[in-house]
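As structure tokens, the structure follows; a few thoughts come after it.
We name chains A, B, ... by the order of the sequence lines, and we start the count at 1 in each one. What you see is a predicted model, and the numbers here were worked out from it, not measured in a lab.
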Amino acid sequence: MRKELAKTYSPSEFEERLYQNWCDKGYFTPDPKDPAPAFSVVIPPPNVTGQLHMGHALDETLQDILVRRRRMEGYNTLWVPGTDHAGIATQIKVEEQLRTEEGLTRYDLGREKFLERVWDWKHKYGNRIISQLKKLGASCDWTRERFTMDEGCSRAVREVFVNLYEKDLIYRGNRIINWCPHCITALSDAEVEYSEQEGSFWHIKYPIKGEDAYVEIATTRPETMFGDTAVAVNPNDDTTKHLIGKTLILPLVGREIPVIADDYVEIGFGTGCVKITPAHDPNDFLVGQRHNLEQIKVMNDDATMNRFAGKYEGMDRYECRRALVEDLKSEGYLLSVEPHAHNVGTCYRCKTTVEPMTSDQWFVRMQPLAEPALKAVYDGKVRFEPERFTKTYTNWMENVHDWCISRQLWWGHRIPAFYCDDCGEMTVSKTDITVCPKCGGRVHQESDVLDTWFSSALWPFSTMGWPDKTEELEKYYPTSVLVTGYDIIFFWVARMIFSGLEHMGKEPFSTVFIHGLVRDAQGRKMSKSLGNGIDPLEIIEKYGADALRFALATGNAPGNDMRFSDEKIEAARNFANKLWNASRFVLMNLDAEDEETALPALDELSVEDKWILSRYNNMVKNVNVNMDKYELGVALSDLYDFTWDIFCDWYIELAKSRLFEKESKGAAVARRVLVYVLTGILKLLHPFMPFITEEIYQSLPHASESIVISSYPKFDESLVFPAEEASLDRVIAMIGAIRTRRAEMNVPPSRKAKVYLVTKYSDTFKGAEAFMIRLASASSVEIVDAYEKDDAVSIITEGATAFIPMAEMIDLDKERARLSGELAKTEGEIKRLQGKLSNEGFLAKAPAAVVDAERAKLEKYNATREALLAAIAKLS
RNA sequence: GGAGGCAUAGCUCAGUUGGUUAGAGUACUUGCUUGACAUGCAAGGGGUCACUGGUUCGAGUCCAGUUGUCUCCACCA
């Protein structure tokens, strides 16, 4: 017995049940031994303690669309899910909780106890985002779910670390890095966000030793003065040349510093004299190296001043700045202050202003890794979609600096370096060691952990069991496509590419499909602080996951940001409802014994059947072409238009004429065509809207156990019927014209009218009486050779004229005016086309098909013109 | 300073290698309890495709420039 669909579309009644069933049946769990070609994707792992937001929803929806289509096409399809330990973000959260609930810091607990708490947290909240992904319908293989800090991924991290270290691609060194005084850790360049802030330029006197003169120095960060170890001038600057070699006295501090020459200083900019603070500025650091200057670090890890700041020791950097400026002023060293807007680096996690400072950290030597990573992209081995993001990647990779990978956190992969307490020897090892291999002394492990992105860089192969040689790696690496937002090209995509090349010898994916950001209805970025985030789960609850997915997949071009609005989600839900009801209609008309899913024989098909099959097949072709090009939005809009405007608005309406003769042969044929086309629609729509399509599929006669593993529609040329298509299009044009005319004349639909048709396509219209009666409010349709009386409205389309006697409603003058208007328009078109067709350049250079099309058009307009002239003549 | 995006209907956006009279959703106007759907049906109004120039038989689409706007990267103290 066929299952009835509920009267109204209520997704919450079936989404969960269907998802559970898909998982139970193992549809998402592929067998690597299956010889079908592989299609594999790894999820950009969301933060383990995070919650699903619209960005995820978009990202997962796009992946699921690609994955589900390939699965239906018969690929051996794997989508690896998992989560990221998100070092800083997670640690901050747990510390926050610790502080608010227990008034403790992580130091109170100690490393081990604190990590236990983080794991507790992970176990408590780590599943939240996973279950949210399931609600969205993501067809991930949950049996292969991974976590960046699970045993396997951690092993991969260590393997990679040691390999790189042994190749001298990882080194430890004292370099200038970005320091977050709030998170108390080093950051990589990529983790610093710049934001413009209002600041000041302080102009300070630096007295010249032994002279009654001074040098004017401008700075935006006066508190770094305590770390100045030189003042630099450009050697070719005549105005400052005389200062080179002289000694200056740091105001208030009294320390002596030299004036050095370095062409880093720009001639003509400012005073031409630059204070050099090697320990607190990246450029100064380089100058310092060139001149062998001392590095004086003046701050502690929390950005309070240290002993080098003298009496300011212990003050916060900004407190010190205020006090110092006051003192400089009162001592007469402050020349002037001017307001100055400048870009300040901030921590991407906590937004605290970062402090550039020298520090002992671990780095990845980037240049040797960047070269092959660039080559892979230049050679097209890795392709960005849309193409323009290639440049984002190459620009960054071409200018990349060494990557600071050590973090002074506790939550993360602890760096596998061991220091001997006795001889000081450092040993980097894949396995933990307790004694020094050199002297046998006791060792202790490096306390720093690795940048979170170090482990996510390995995701495409660490999740597949590397460094072991697994059958997953064999089958599914490299992955097919990576789907992610443009905002993490540097953080993640770039690093995966060089990591894959370095450790696997192969790029991790061939295509990077980039999408934009989901913004709010006003176009603002969704953010916690603005409170304008839209919770995808609320949307799912209210409208269903399918509507959410539809709204996210439609109406925007790849790589562009999109706005999310009520309007959009409602439109999506309405479409789902439309599909639901169209399906209900089909189901209502089916008999219990209708189980056939194939089409009837071609000679049983009516004109409208052939018409819809033609249209359907052309749509299938377009959808496939666009899906292949990652134009998912275009593909979906083709589907939308076909479903609503062609299938529902026309074919179903046309089919009613036969369907309502329930026992007729024609009804049986119509039912099967309806089932065939509807099933095709459902399959094509399934990657976008998995739930509703499955629910309906299960109610219809169906060939496969589930739509998830049913076959994806392919273009079938044998089901394209151009003649029937053209024929029914003429009928549709006439129905449309009659409707328009009646609406203009305010004739209510209830008032049926006789229609007399004069047409050279009498065969076409002979079979169409029923359609016109049903859809154009005709009471009868008669095909006549001519209609002589002048009591009728004439409705002219290409190839046919309809006369509808409605004497009392016709104002002859208005009718004449209307027809003349149409005539003018038609003649305008004719003139335009004639012009084009008499243009020799056009005839000579345009493709023949285009010229022919224009000619055919002209012919049609000419025919229409004749008919209009005849109608006007009759009225006068 | 460098790179890129965007500019099309009141609003939000599509428009795929240049080729019908430039589309959709939404809003608006009018009429409809039409044997699936008012989350609907039918009809309609609404656009100088930012501006200027160029290439071409033909430009919303390609090129150059201008203006506006957003983003990313770098960063001069």
Side-chain angles (χ1 to χ4, degrees), chain A residues 5 7-9 194 201 217-221 231-232 264-266 269-277 281-284 342-343 345 386 388-389 391-392 395-396 399 486-487 489-490 516-517 521 523 543 547 554-557 559-568 570-589 622 625-626 629 631 633-635 637 640-641 645 648-649 652-653 656 659-660 736 739-744 746-750 774-775 777 825 828-829 832-833 836 839-847 849-851 853-854 856-857:
Chain A
L5 290 183
K7 186 143 190 165
T8 50
Y9 164 62
Y194 288 88
F201 241 144
I217 298 291
T219 179
T220 56
R221 295 190 300 155
V231 162
Y264 154 68
V265 180
E266 197 179 320
F269 184 88
T271 61
C273 303
V274 182
K275 74 197 254 314
I276 299 298
T277 322
D281 183 278
N283 289 309
D284 294 4
H342 58 143
N343 273 338
R388 65 173 186 271
F389 291 102
K391 213 163 179 177
T392 308
N395 279 351
W396 186 79
N399 300 301
Y486 58 69
D487 49 335
I489 290 177
F490 307 139
L517 264 39
Y543 298 96
T554 196
N556 92 307
N560 288 0
D561 289 356
M562 67 179 312
R563 299 188 194 206
F564 195 90
S565 60
D566 288 348
E567 210 176 72
K568 213 170 223 164
E570 277 169 21
R573 187 267 324 268
N574 293 351
F575 176 66
N577 185 63
K578 185 74 183 178
L579 180 67
W580 184 262
N581 279 293
S583 305
R584 274 183 62 224
F585 174 79
V586 172
L587 283 165
M588 285 165 82
N589 283 283
N622 285 336
V625 165
N626 284 304
K629 289 194 299 191
E631 290 281 0
V634 177
S637 100
Y640 177 98
D641 292 343
D645 303 341
C648 292
D649 288 349
I652 286 184
E653 294 307 322
K656 282 177 180 173
L659 286 175
F660 294 157
R739 281 171 171 174
T740 303
R741 195 71 268 274
R742 289 177 58 110
E744 280 169 1
N746 287 319
V747 187
S750 53
R774 178 170 290 281
L775 301 176
S777 301
K825 247 165 107 179
E829 278 307 304
R832 195 183 58 82
L833 285 167
K836 207 167 177 182
N839 179 333
E840 279 174 35
F842 177 70
L843 294 175
K845 293 186 182 167
V850 173
V851 178
E854 298 291 273
K857 231 184 303 174

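Here B:U12 is the nucleotide among B:U12, B:A36, B:C75 with the atom lying nearest to any side-chain atom of A:Lys568. Of the candidate nucleotides B:A74, B:C37, B:U12, B:U12 has the atom nearest to the side chain of A:Arg563. The side chain of A:Asn574 sits closest to B:U26 out of B:C37, B:C13, B:U26. With distances taken from any side-chain atom of A:Arg388 to the nucleotides B:A77, B:G5, B:U12, the minimum falls on B:G5. Closest to the side chain of A:Cys648, from the set B:U39, B:C41, B:A36, is B:A36.
Taking atom C1' on both B:G10 and B:C51, the two are 22 Å apart, rounded to the nearest angstrom. Comparing B:G46 with B:G23, their P atoms sit 13 Å apart, to the nearest whole Å. Nucleotides B:G1 and B:G58 are separated by 39 Å at their P atoms, to the nearest Å. Distance check on atom P: B:U39 versus B:G47 gives 30 Å, rounded to whole Å. For the C1' atoms, the distance from B:G60 to B:U17 is 16 Å, rounded to whole Å. A gap of 11 Å separates the P atoms of B:G25 and B:G40, to the nearest Å. Across the C1' atoms, B:U20 and B:U26 are found 27 Å apart, a figure rounded to whole Å. Separation of the C1' atoms belonging to B:A3 and B:A59 is 27 Å when rounded to the nearest angstrom.
In this structure, A:Asn556 reaches the sugar-phosphate backbone alone: every heavy-atom distance under 4.0 Å involves primed, P, OP1 or OP2 atoms, never a base. Backbone-only contact: A:Phe490 has heavy atoms under 4.0 Å from sugar-phosphate atoms and none from a base. At the heavy-atom level, A:Ser565 lies nowhere under 4.0 Å from the strands shown. Within the 4.0 angstrom heavy-atom criterion, no nucleotide atom of any strand lies near A:Thr8. A:Asn560 comes within 4.0 angstrom of sugar-phosphate atoms only, judged by non-hydrogen atoms across all strands, and of no base. As judged by a 4.0 angstrom heavy-atom cut-off over every strand, A:Ala853 is placed among residues making no nucleic acid contact. Note on A:Asp649: only backbone sugar-phosphate atoms sit closer than 4.0 angstrom, heavy atoms only; bases stay farther off. Using a 4.0 Å heavy-atom distance criterion, A:Asn839 is classed as a sugar-phosphate-only contact. Note on A:Tyr640: only backbone sugar-phosphate atoms sit closer than 4.0 angstrom, heavy atoms only; bases stay farther off. Looking at heavy-atom distances under 4.0 Å, A:Lys391 makes contact with sugar-phosphate atoms alone, never a base. A:Cys273 comes within 4.0 angstrom of nothing in the nucleic acid, heavy atoms only. Here A:Lys825 lies out of heavy-atom contact (under 4.0 Å) with every strand. Across all strands, A:Val265 comes closer than 4.0 Å to base atoms (heavy-atom distances). A:Ala846 comes within contact range of at least one nucleobase, with a heavy-atom separation under 4.0 Å.
In a base pair of the Watson-Crick type (N1 to N3 plus N6-O4 or O6-N4) or a G-U wobble (N1-O2 and O6-N3), with each distance short of 3.5 Å, B:A42 is matched with B:U30. Nucleotide B:A59 forms no Watson-Crick or G-U wobble pair with any nucleotide shown, as no partner meets the under 3.5 Å limit on both distances. Across every strand in view, B:A24 sits in a pair with B:U12 that passes the Watson-Crick or G-U test at under 3.5 angstrom. Across all strands shown, B:C6 pairs with B:G68; the Watson-Crick or G-U wobble distances both stay below 3.5 Å.
Rounded to an integer number of Å, the gap from A:Arg221 CZ to B:C75 P is 13 Å. What separates CG of A:Asn746 from C1' of B:C32 is a distance of 12 Å, to the nearest Å. Going from atom NZ of A:Lys578 over to atom C1' of B:C41 covers 7 Å, rounded to whole Å. Protein atom NZ of A:Lys629 is 8 Å distant from nucleotide atom C1' of B:U17, rounded to whole Å. Put simply, CD1 on A:Ile652 is 15 Å from C1' on B:U34, counting in whole angstrom units. One interatomic measurement links the two molecules: CG of A:Asn399 to P of B:A3, which rounds to 13 Å at whole-angstrom precision. Following rounding to the nearest Å, A:Phe564 (CZ) and B:G25 (P) show an atom-to-atom distance of 18 Å. Regarding A:Asp566, its CG atom lies at a distance of 19 Å from the P atom of B:G25, rounded to whole Å.
Between A:Glu567 and A:Asn581, the residue whose closest nucleotide on RNA chain B is further toward the 5' end is A:Glu567. In this structure, A:Thr740 and A:Pro749 both approach RNA chain B, and ranking their closest nucleotides by distance from the 5' end singles out A:Pro749.
One N or O on the side chain of A:Asn581 and one on the backbone of A:Asn577 form a donor-acceptor pair closer than 3.5 Å.
The CG atom of A:Asp561 sits 3.5 Å away from the OH atom of A:Tyr486 when rounded to the nearest 0.5 Å. Considering CD of A:Glu631 and CG of A:Asn622, their distance stands at 12.0 Å, rounded to 0.5 Å.
Under 3.5 Å, the side chain of A:Glu653 and the base of B:A42 form no donor-acceptor pair of N or O atoms. For B:U39, its base sits under 3.5 Å from the side chain of A:Arg573 at one donor and acceptor pair at least. Judged by atom type and distance alone, A:Asn395 does not reach the base of B:C73 through any side-chain donor-acceptor pair under 3.5 Å.
Taking the ring axis of A:Tyr640 as reference, the NZ or CZ atom of A:Lys578 does not stay both within 45° of it and closer than 6.0 Å to the ring centre.
Pairing each heavy atom of A:Lys568 with each of A:Thr554, the nearest pair is CE-O, 4.5 Å. Taking both residues in full, the closest heavy atoms of A:Val265 and A:Gly272 are given as CG1-O, 3.5 Å, listed atom of the first, atom of the second, then distance.
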Might you work through the side-chain contact (heavy atoms from CB on, under 4.5 Å) test for A:Arg739 and A:Leu775, ending with a clear yes or no? CA-CA 8 Å; A:Arg739 281 171 171 174; A:Leu775 301 176; 3.7 Å; yes

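Side-chain contact check for A:Asn589 versus A:Phe585: some heavy-atom pair is nearer than 4.5 Å.
For the residue pair A:Asn395 / A:Asn399, no side-chain donor-acceptor distance below 3.5 Å is found, with atom types taken as modelled.
Taking a centre distance below 5.5 Å and an interplanar angle below 30 degrees as the stacking criterion, A:Phe269 does not stack against the six-membered base ring of B:A77.
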